[in-house]
Amino acid sequence: MKTPNFSKDLNKLREDNEKVTYDGMQVALILKELDFLVVSFDKIGSYYAEDIRTNREQYEKETMQFIDNSWVGPRLANIRAILTQKFNLQEGEDELDDIERICEQIPYWHKLGDYCDEIWAEPNFDCE
């Protein structure tokens, strides 16, 4: 398996978008949602890890049922909405706001076999 690429997007944010502030409880609830998803996917993978080759179909079925029945899409959309609301979404000269510009080159899934192994967010443990 290829190691994910942590790369910085070269697009520049508006100055007023370089630092945004969130309510602590909002961030805690976002972390709760993300923890639920990350740990659940890990547990599904671990549950099927020993016999994934013989039980791949059941693993994929359980993963899809989890995604559908646990509202993974709407959960992620809510997280995106909460994070986006703090940004100044005024359009620039290119008629895009900062979020649209940053997301412009995302290789979204369009057909079977479309995957992306690039990861854009890099952990930053520097204390300010």
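Values in this document were obtained by computation on a predicted structure and should not be read as measured data.
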Engineer: With the threshold set at 4.0 Å, does a side-chain nitrogen-carboxylate oxygen contact exist between Arg56 and Glu60?
Structural biologist: yes
Engineer: Checking the side chain of Trp109 only, and the main-chain atoms of Lys111 only, is there a donor and an acceptor separated by less than 3.5 Å?
Structural biologist: yes
Engineer: Under a single-linkage definition using a 4.5 Å side-chain heavy-atom cutoff for Ile, Leu, Val, Met, Phe, Trp and Tyr, are Val38 and Ile119 assigned to the same hydrophobic cluster?
Structural biologist: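 In one cluster with Val38: Ile119, no.
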Engineer: So which heavy atom on Trp120 is nearest to which on Pro107, and how close?
Structural biologist: CZ2-CD, 4.0 Å
Engineer: My understanding is that only residues two or more places apart in sequence, or in another chain, count here; which of them pass ring-ring contact (aromatic ring centres under 6.0 Å, His included) with Phe36?
Structural biologist: Phe66
Engineer: Return the CG to CG distance between Leu29 and Leu34, rounded to the nearest 0.5 Å.
Structural biologist: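 Between atom CG of Leu29 and atom CG of Leu34 there are 11.0 Å.
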Engineer: Say you draw a straight line from CD of Gln58 to OG1 of Thr63; how long is it, rounded to the nearest 0.5 Å?
Structural biologist: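 Spacing of CD (Gln58) from OG1 (Thr63) equals 9.5 Å.
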Engineer: Can you tell me how far the CD atom of Gln90 sits from the CG atom of Leu96, to the nearest 0.5 Å?
Structural biologist: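 One gets 13.0 Å once the value is rounded to the nearest 0.5 Å.
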Engineer: Check the surroundings of atom CD in Glu18: do more than 12 heavy atoms from other residues, nucleotides or ligands lie under 6.0 Å from it?
Structural biologist: yes
Engineer: Listing request: all side chain to side chain donor-acceptor pair (under 3.5 Å) pairs with a residue in residues 21-48, at least two apart in sequence or in separate chains.
Structural biologist: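 Of all non-adjacent pairs touching residues 21-48, those that pass side chain to side chain donor-acceptor pair (under 3.5 Å) are Glu33-Arg75.
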Engineer: To the nearest 0.5 Å, what is the distance between CD (Glu95) and CD (Glu93)?
Structural biologist: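 Spacing of CD (Glu95) from CD (Glu93) equals 10.5 Å.
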Engineer: Only one of Met64, Glu57, Gln65 forms a side chain to side chain contact (heavy atoms under 4.5 Å, CB included) with Lys61, so which one is it?
Structural biologist: Gln65
Engineer: For the backbone of Leu13 and the side chain of Asn17, can you confirm whether one donor and one acceptor N or O come within less than 3.5 Å of each other?
Structural biologist: no
Engineer: Group every Ile, Leu, Val, Met, Phe, Trp and Tyr by side-chain heavy-atom contacts under 4.5 Å, then state whether Trp71 and Ile30 land in the same group.
Structural biologist: no
Engineer: Kindly list each side-chain donor-acceptor pair under 3.5 angstrom involving residues 79-87, sequence neighbours excluded, with atom names and distances?
Structural biologist:
residue : atom : partner : partner atom : Å
Thr84   : OG1  : Arg80   : O            : 2.7

Engineer: Rounded to the nearest 0.5 Å, what separates atom CG in Leu37 from atom OG in Ser70?
Structural biologist: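 So the CG of Leu37 and the OG of Ser70 are separated by 8.0 Å.
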Engineer: Out of curiosity, Asn88 CG to Glu15 CD, how far, rounded to the nearest 0.5 Å?
Structural biologist: 11.5 Å
